[in-house]
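These values consider heavy atoms only, across backbone and side chains, with no hydrogens, waters or symmetry-generated copies. Chain A is the first sequence line, chain B the second, and so forth, proteins listed ahead of strands; every chain is numbered from 1. On a predicted model such as this, the values are computed, not experimentally measured, just so you know.
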Amino acid sequence: MRLVQESDYRFRIDPYGGMRVPGVVFASRALLPDPAADKSLEQVANVATLPGVVDASYAMPDMHWGYGFPIGGVAATDVDAGGVVSPGGVGFDISCGVRLLAADLDRQELTEPAVRGLMDGLDAAIPRGMSHRAVWTLHDARQLREVLAEGARYAVQQHHGVPRDLERCEDTGAMAGADPGQVGERAVQRGLGQVGSLGSGNHFLEIQAVDRVYDERVAGAFGLRAGQVCVMIHCGSRGLGHQICTDYVRVMERTAGRFGITVPDRQLACVPVTSPEGRAYLGAMAAAANYARANRQLLAEAARHVFDRITGRELALVYDISHNLAKLETHEVAGAARQLCVHRKGATRALPPGHPDLPADLHDAGQPVLIPGTMGTASYVLTGRPGGPAFASTCHGAGRALSRHQAAKVVRGQELRRRLEAGGIAVRGASWRGLAEETPEAYKDIDTVVDAAQGAGLCARVARLVPIGVVKG
DNA sequence: ATGTGC
């Protein structure tokens with residue numbers, strides 16, 4: 001493989017083997033993965049072999065090794081030119097994403113006892129880890145179908161939220177094309193008892209404060225100001241999305257050959273978007289996306305109740321955006337508008353100012369892009385930039401540098417909690433082992449990743465947030 | 001990420 005540096009934050013992999021387009025990696029030299037330990041550059045090249053792929057197989061600065069596609073990967077296929085959809089291009093945690101809420105409260109107003117009260121309240125109110133608890137217990141599969149079809153809209157209809165919330169959700173809270181009938185029985189069973197639960201791994205709910213504002217005008221449009229207290233929620237579609245991914249990888253492994261498709265890695269199993277199997281996957285995937293949105297809506301409501309009880313203040317939704325999704329979008333390719341299936345896996349949509357899909361009050365500001373940091377480190381709010389080079393996409397987080405196993409050997413959970421609390425960050429975990437696996441040393445530096453993303457022209461910084469307290473899945 | 005593996 002030949003990796004050519006094109007500019008400070010852009011590398012090109014020239015086509016070789018079956019690659020139909022080049023690979024493009026947006027990163028500084030220091031952020032590039034170590035090929036001895038991480039095969040994600042090879043994965044960028046593998047993705048470039050997929051039928052119908054256009055422009056390039058892209059990777060964001062937080063890229064690392066994933067299932068088939070790299071995490072931090074963006075690839076678009078031309079729907080009307082035999083373009084494929086691949087579950088590995090979305091990931092197991094379908095529509096994993098981030099929701100940010102802003103309190104009408106400044107950091108200085110938040111006393112020590114209030115922080116403790118909030119953290120204890122959230123500790124009790126936010127189901128997480130491997131427990132079987134959730135905010136909502138659905139009556140039956142019929143009610144789950146409503147969640148799968150209508151997402152956060154259904155939660156708001158059921159009075160778990162206010163209509164304004166939906167204006168600040170991607171796709172106003174429900175992805176079109178969701179087809180609950182394509183969701184298998186096992187996925188349904190796993191999904192029934194998990195609406196309103198964080199899960200584990202890198203999922204969290206944090207109380208944060210706006211540490212720095214880079215663009216006052218855009219931050220103001222997003223409802224953010226320096227010193228403001230916020231709540232960030234990072235979670236996905238739990239066992240339901242995982243089961244859907246498992247089921248459809250299996251279906252596509254069986255049927256890809258029927259369409260004459262061969263791939264360099266069986267984890268890239270895919271079928272044409274327009275095939276019955278492709279349509280079925282996209283219908284089930286959109287249903288899982290809606291499940292994840294309802295999940296975040298319910299957890300936000302739980303946090304609102306705690307904030308109201310302890311501080312008497314409200315939480316306004318800034319935005320809710322996914323970073324694991326395939327979407328049918330229109331983009332210009334070689335001067336012509338084409339319908340594309342844009343896979344973003346560990347990559348965030350970043351609509352620029354003026355984009356027609358933005359709500360009217362964000363027209364001049366662009367889409368809020370929410371980047372969750374590692375436990376104990378900063379998170380970012382960004383916005384899209386006109387003429388962005390990767391189908392209006394940017395990074396999604398810090399990106400793992402050590403495996404879970406390696407991370408757990410670096411530090412013990414108890415010690416990590418003491419360290420964070422000594423640094424003024426309150427911690428409410430789910431398990432000591434889970435905490436240790438998420439130690440900041442196991443991740444790349446978020447500030448460096450965001451520098452590279454902005455330097456590559458993918459996005460622009462709006463605000464930096466720092467943690468006050470973390471409720472860890 | 002995941003009732004953490006075939």
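Rounded to an integer number of Å, the gap from Tyr67(A) OH to dT4(B) P is 17 Å. Rounded to an integer number of Å, the gap from Phe69(A) CZ to dA1(B) P is 19 Å. Protein atom NE2 of His64(A) is 8 Å distant from nucleotide atom P of dA1(B), rounded to whole Å. In this structure, Phe204(A) places its CZ atom 11 Å from P of dA1(B), rounding to the nearest Å. For Leu198(A) and dA1(B), the CG to P distance is 12 Å, given to the nearest whole Å. Atom NE2 in His242(A) sits about 4 Å away from atom C1' in dT2(B), given to the nearest Å. The distance between atom CD of Gln243(A) and atom P of dT4(B), rounded to the nearest whole Å, is 12 Å. One can place CZ of Arg266(A) at 12 Å from C1' of dC6(B), the figure rounded to the nearest angstrom.
Between Tyr9(A) and Leu31(A), the closest side-chain pair of non-hydrogen atoms is not below 4.5 Å.
For residues 25-36 of chain A, the pairs satisfying side-chain hydrogen bond (donor to acceptor under 3.5 Å, both in side chains) are Gln5(A)-Arg29(A), with sequence neighbours left out.
Not counting sequence neighbours, the partners of Asp211(A) by the side chain to side chain donor-acceptor pair (under 3.5 Å) test are Arg464(A).
Using a 4.0 Å heavy-atom cutoff across all strands shown, His132(A) reaches no nucleic acid atom at all. The residue Arg433(A) sits apart from the nucleic acid: no heavy atom pair falls under 4.0 Å. Within 4.0 Å of Gly236(A), counting heavy atoms only, lies no atom of the nucleic acid at all. Residue contacts shown for Glu437(A) are absent, as no nucleic acid heavy atom lies under 4.0 Å away.
At dA1(B), one or more side-chain N or O atoms of Asn202(A) fall inside 4.0 Å of OP1 or OP2 (strictly under the cut-off). In this model, the phosphate group of dT2(B) is approached by a side-chain N or O of Arg238(A) to a distance below 4.0 Å at OP1 or OP2. The side chain of Ser237(A) places no N or O atom within less than 4.0 Å of a non-bridging phosphate oxygen (OP1 or OP2) of dA1(B).
Shown here for Arg128(A) and Gly429(A), the closest heavy-atom pair between the two residues is NH2-O, 2.9 Å.
Tyr58(A) has its ring centre less than 6.0 Å from the ring centre of Phe26(A).
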